[in-house]
Amino acid sequence: ILLQLLQWKYALLGILLPVIALGGYYFVHRLLKILSGTYERSHVILQSIGDAVVVTDAAGLVEYLNRPAQKLMGWTQQEAQGKPLVEVFHLLNAKTREPVIDPVERVLSETRVSAHDGLAVLIAHDGRELMIEDSAAPVRDERGNINGVVMVFRDITAQKAAQSQIAQLVYHDHLTG
């Protein structure tokens, strides 16, 4: 009887192992498909955002630029990836023209969402100067550890020019200039 039980046990294992293996393969394949879909969806969402988005790792190295960020900064994803943010994202204080604190450094030191006080000027790769509003936030893992920074910014150059023109018209008439 013991011999028959052992034979039955091994026969059952011989049947179940391929099923478990196939089920495991299906599970892993399905999980990879879900994760791949999640990645693709996240990528599409980031590319669809109208504001510029830059993602860095905790060391401040660029991991991702969406299309608006590439357009405003003048860098492609391939050119910027792996470079320190300070090398591809030059910010000056709009009034003093002094360099502003590195957004990654600011977020990592404050460990919270941060925005510049006042206006900043972005010096693009091609030398263009753009007035921007920006904010940066820590990217945290499930345990709360900061493993990167996400920055969002937008070009407000035209908006500031229009505000300046309106202010000029309010305080001056056509005769006195």
Shortest non-hydrogen contact between [X] and [Y], atoms and distance:
X: Pro138; Y: Val113; answer: CD-N, 3.9 Å
X: Ile101; Y: Arg106; answer: O-NH1, 4.0 Å
X: Ala120; Y: Leu91; answer: CB-CD2, 4.0 Å
X: Phe153; Y: Met151; answer: CD2-CE, 4.1 Å
X: Val107; Y: Val149; answer: CG1-CG2, 4.0 Å
X: Asn93; Y: Lys95; answer: OD1-N, 2.7 Å

Does [X] reach the side chain of [Y], with side-chain heavy atoms less than 4.5 Å apart?
X: Glu63; Y: Thr56; answer: no
X: Met73; Y: Phe89; answer: yes
X: His90; Y: Val121; answer: no

Backbone of [Y] reached by a side-chain donor or acceptor of [X] within 3.5 Å:
X: Gln81; Y: Gln78; value: no
X: Gln77; Y: Leu65; value: yes
X: Thr111; Y: Leu108; value: no
X: Asp155; Y: Asp51; value: no

Please say yes or no: joined through hydrophobic side-chain contacts below 4.5 Å, possibly via intermediate residues, are [X] and [Y] part of one cluster?
X: Val88; Y: Leu61; answer: no
X: Val100; Y: Leu85; answer: yes
X: Val86; Y: Val150; answer: no

Inter-residue atom distance [X].[atom1] - [Y].[atom2], 0.5 Å rounding:
X: Ile156; Y: Met131; atom1: CD1; atom2: CE; result: 5.5 Å
X: Leu72; Y: Leu122; atom1: CG; atom2: CG; result: 7.0 Å
X: Glu79; Y: Glu87; atom1: CD; atom2: CD; result: 11.0 Å
X: Ile146; Y: Arg140; atom1: CD1; atom2: CZ; result: 4.0 Å

Would you sort out whether Asp134 and Val152 count as a side-chain contact (heavy atoms from CB on, under 4.5 Å), showing the intermediate values?
CA-CA 6 Å; Asp134 71 304; Val152 178; over 6 Å; no
Between Asp141 and Arg143 (salt bridge meaning N to carboxylate O under 4.0 Å), is one present in this structure?
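Looking at Asp141 and Arg143, the cut-off is not met.
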